[in-house]
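First the proteins, then the strands, lettered A, B, ... as listed; each starts at 1.
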2 protein chains.
Amino acid sequence: MVDQIENEGMKSLIENITAIQVESPVDKIIGQLKQLIVSGQLKPGDRLPAERVLSERFGVGRSYIREAILKLEFYGLLRTNPQSGTYVAGLSINVIDNIISDIIKFNKDDFNALIEARYHLELNAVKLAAERRTDEDLESIKSAMEDYEKKASTGGDAVEEDMVFHIKVAKATKNSVIESMILILVPDLIKNIVQNKICGDNRAKTAIEEHRKIYAAIESQDMAKAEEAMASHLDEIWQISKAGFAAQNIINEAEV
Amino acid sequence: MVDQIENEGMKSLIENITAIQVESPVDKIIGQLKQLIVSGQLKPGDRLPAERVLSERFGVGRSYIREAILKLEFYGLLRTNPQSGTYVAGLSINVIDNIISDIIKFNKDDFNALIEARYHLELNAVKLAAERRTDEDLESIKSAMEDYEKKASTGGDAVEEDMVFHIKVAKATKNSVIESMILILVPDLIKNIVQNKICGDNRAKTAIEEHRKIYAAIESQDMAKAEEAMASHLDEIWQISKAGFAAQNIINEAEV
DNA sequence: TGATTATTTTTGGTAAACCAATTAATTGGT
DNA sequence: ACCAATTAATTGGTTTACCAAAAATAATCA
């Protein structure tokens with residue numbers, strides 16, 4: 001156990017230490033690959049040197065090379081053909097450069113950015129959901145809503161039930177990309193929301209009302225009303241979040 | 001080389017073959033982990049069995065286990081502490097279940113979903129960009145715009161220069177999450193756009209005008225005008241895309 | 001008996017080895 | 001000189017072995 005005294009100083013020290021070695025091997029590799037491309041040694045469409053070669057050239061194990069390639073593949077910058085090789089996407093160097101630069105620093109721990117992105121995404125999502133929802137979607141959303149109400153009325157924080165409600169709405173958009181994006185944000189949202197104690201008894205009561213409004217709008221397929229209801233729902237969370245975050249932004253214990 | 005004759009039949013045959021073995025090892029592992037959690041053998045907050053144990057239990061190499069964990073970590077569902085273990089996020093089983101189900105089938109190759117998501121994202125982005133752009137942003141956007149005009153006026157397809165323009169706008173939002181999301185979509189967008197030949201000489205000319213309108217709106221920080229300009233810009237692409245896609249959706253050669 | 005230090009075990013991090021498939025090269029025949 | 005078939009080398013896919021750090025356990029001393 002760490003001493004309770006002087007844990008402030010200890011914290012900043014720890015942060016410095018982790019900050020120094022924060023450059024993970026894979027990010028370094030990605031950076032070097034970027035350099036290869038930007039410098040012209042590797043042109044779009046070219047085949048990458050074999051993993052073994054890269055491994056040796058960068059002085060690192062092949063596992064890291066594979067991990068880096070995997071990450072870049074997710075972003076569509078590389079394409080790997082089994083038993084043949086890995087190829088650079090046919091994008092211009094400018095595009096590749098821009099994207100790689102930001103892959104390295106892609107982290108969702110910017111609280112405001114997270115909430116803001118969620119806000120815009122969900123506003124669009126609820127409109128699409130209202131437009132396209134099937135009866136099955138409606139059933140699913142309703143069920144999630146009732147779960148939330150049950151949990152919230154017993155006093156517990158129903159953050160996760162709330163999120164399930166929103167996930168079900170996202171599913172009703174019939175747009176897998178938008179749905180996936182919301183899905184990516186959800187765990188971080190939950191973490192931040194519970195961390196900043198957005199949830200109180202009075203809040204839960206009003207949220208129930210808001211959910212019902214959203215549901216009703218989706219049911220009647222009223223896109224405008226759905227957007228309005230979602231906006232007021234999220235606005236409130238946003239405001240509380242900002243206040244709570246300002247008060248508690250020191251406490252960032254690294255637990256799951 | 002494959003025979004030119006009967007390549008239609010050959011194609012469908014190949015598609016069947018790949019469709020059968022499409023269940024990648026990591027997706028299978030993710031599915032099994034999900035099962036462990038849903039069945040209650042693994043509760044939120046618990047520590048996962050050691051990688052070696054999972055490796056043995058699932059009858060697969062440790063690399064795949066690590067790959068699967070990496071993927072779930074990206075979605076915030078697992079947290080791995082070096083030399084200690086990997087832990088399940090403290091989310092409710094319901095949330096985890098919902099998210100994992102969709103991770104497996106997360107693919108950006110749904111053409112309409114891609115364009116639609118981009119449409120909504122960029123509309124929000126351009127508003128934020130107009131609100132928050134710095135002079136440096138403006139300079140950067142302008143430079144990208146001029147690159148596009150240069151390329152487009154020489155007759156070549158300037159899809160990528162176009163994308164750089166949009167990336168620069170995204171950067172000006174000062175929202176790293178929204179920016180990252182757009183970045184993730186860009187390579188797939190380019191692929192689809194060039195595949196469906198959205199770009200023509202007349203199109204390039206009108207696009208130049210649209211870009212200038214967008215730029216002017218961002219410069220004068222007029223959010224409404226920016227949104228309007230972006231909407232008309234994207235609307236046109238969307239329409240052409242849909243038409244082009246309907247005509248060419250058979251030709252899906254798997255090249256980078 | 002209780003705290004503290006050694007020691008052993010277990011962990012994820014890392015590198016290397018093995019495999020089947022593909023590609024390039026070489027060889028042999030025409 | 002050219003083409004076919006066979007062999008050799010190279011590829012990513014997959015598994016295994018090794019490492020230092022952490023945790024858990026055992027042993028030691030006050």
Side-chain angles (χ1 to χ4, degrees), chain A residues 1-3 10 13-14 17-18 20-30 32-33 36 42 45-74 76-89 253-256, chain B residues 1-3 10 14 17-18 20-30 32-33 36 42 45-74 76-89 254-256:
Chain A
M1 260 318 149
V2 72
D3 290 346
M10 180 65 90
L13 182 70
I14 290 174
I17 292 173
T18 54
I20 289 171
Q21 61 152 18
V22 84
E23 205 173 32
S24 82
V26 306
D27 282 342
K28 261 196 280 189
I29 294 168
I30 291 177
Q32 295 200 258
L33 286 175
L36 279 180
L42 209 58
D46 280 359
R47 200 186 66 188
L48 250 69
E51 294 180 354
R52 285 169 186 75
V53 177
L54 290 174
S55 163
E56 190 186 1
R57 170 118 64 117
F58 293 162
V60 76
R62 224 182 112 203
S63 315
Y64 287 132
I65 303 291
R66 302 202 96 237
E67 204 172 310
I69 289 176
L70 214 70
K71 206 166 174 183
L72 291 176
E73 235 177 336
F74 178 79
L77 261 36
L78 294 180
R79 170 101 189 205
T80 179
N81 292 20
Q83 271 69 42
S84 163
T86 300
Y87 298 82
V88 181
E253 201 49 58
E255 54 193 342
V256 181
Chain B
M1 259 323 150
V2 72
D3 289 346
M10 180 65 89
I14 290 174
I17 291 173
T18 53
I20 289 171
Q21 61 151 18
V22 85
E23 204 173 31
S24 82
V26 305
D27 281 343
K28 261 196 279 190
I29 294 169
I30 290 177
Q32 295 200 259
L33 285 176
L36 279 181
L42 210 57
D46 280 0
R47 199 185 66 189
L48 250 68
E51 293 180 354
R52 284 169 187 77
V53 176
L54 289 174
S55 163
E56 190 186 0
R57 171 119 64 118
F58 293 161
V60 77
R62 223 182 112 201
S63 312
Y64 287 132
I65 304 290
R66 303 200 97 238
E67 204 171 311
I69 289 176
L70 215 69
K71 207 167 173 182
L72 291 177
E73 233 177 336
F74 179 78
L77 261 36
L78 295 180
R79 169 101 190 204
T80 180
N81 293 20
Q83 270 69 41
S84 162
T86 300
Y87 298 82
V88 181
E255 55 193 342
V256 182

### Query
Are B:Leu36 and B:Leu33 close enough, and set up right, to give a side chain to side chain contact (heavy atoms under 4.5 Å, CB included), and what steps lead you there?
CA-CA 5 Å; B:Leu36 279 181; B:Leu33 285 176; 4.3 Å; yes
### Query
Rounding to a whole Å, what distance do you find between A:Leu54:CG and D:dT11:P?
10 Å
#### Entry: Closest heavy-atom pair and its distance - A:Gly76, A:Ala89
O-CB, 3.6 Å
### Query
Using purine N1 to pyrimidine N3 plus N6-O4 or O6-N4 for Watson-Crick, or N1-O2 and O6-N3 for G-U wobble, each under 3.5 Å, what pairs with C:dT30?
D:dA1
### Message
Assuming nearest nucleotide by heavy-atom distance, tell me which of A:Pro82 and B:Val60 is located more 5' along DNA chain D.
### Response
A:Pro82
### Task
Have a look at A:Ser55 and say if it touches a base, only the backbone sugar-phosphate, or nothing, with a 4.0 Å heavy-atom cut-off.
nothing
### Separation of atom CD1 in A:Ile69 from atom C1' in D:dG12, rounded to whole Å
9 Å
### Task
Using whole Å, report how far CZ of B:Arg79 lies from P of C:dG12.
15 Å
### Task
For B:Arg47 and C:dG12, give me the distance from atom CZ to atom P, rounded to whole Å.
7 Å
### Message
Return whichever of B:Thr86 or A:Gly61 has its heavy-atom-nearest nucleotide of DNA chain C closer to the 5' end.
### Response
B:Thr86
### Task
Using atom CG of A:Leu48 as one end and atom C1' of D:dT10 as the other, report the distance to the nearest whole Å.
15 Å
### Between P of D:dA20 and CD of B:Gln83, the distance in whole Å
11 Å
### Query
B:Glu56 CD to D:dT16 C1': how many Å, rounded?
13 Å
### Query
The side chain of A:Arg62 lies closest to which of these nucleotides: C:dT11, C:dA17, D:dT11?
C:dA17
### Task
State, yes or no, whether a side-chain contact exists between A:Ile30 and A:Asp27 at a heavy-atom distance under 4.5 Å.
yes
### Message
From C-beta outward on A:Arg52, which listed nucleotide comes closest to its side chain: C:dC18, C:dG12, C:dA20?
### Response
C:dC18
### Query
Quick one: B:Glu51 CD to C:dT10 C1', roughly how many Å, whole number?
12 Å
### Query
Less than 3.5 Å between a donor and an acceptor, one on the side chain of A:Ser63 and one on the base of C:dA15, is that the case here?
yes
Give every donor-acceptor pair under 3.5 Å between a side-chain atom in residues 49-59 of chain B and any protein atom, sequence neighbours left out.
residue	atom	partner	partner atom	Å
B:Glu51	OE1	B:Arg62	NE	3.0
B:Glu51	OE1	B:Arg62	NH2	3.0
B:Glu51	OE1	B:Arg66	NE	3.1
B:Ser55	OG	B:Val60	O	2.7

### Query
Shortest non-hydrogen contact from B:Val88 to B:Leu78?
CA-CD2, 3.8 Å
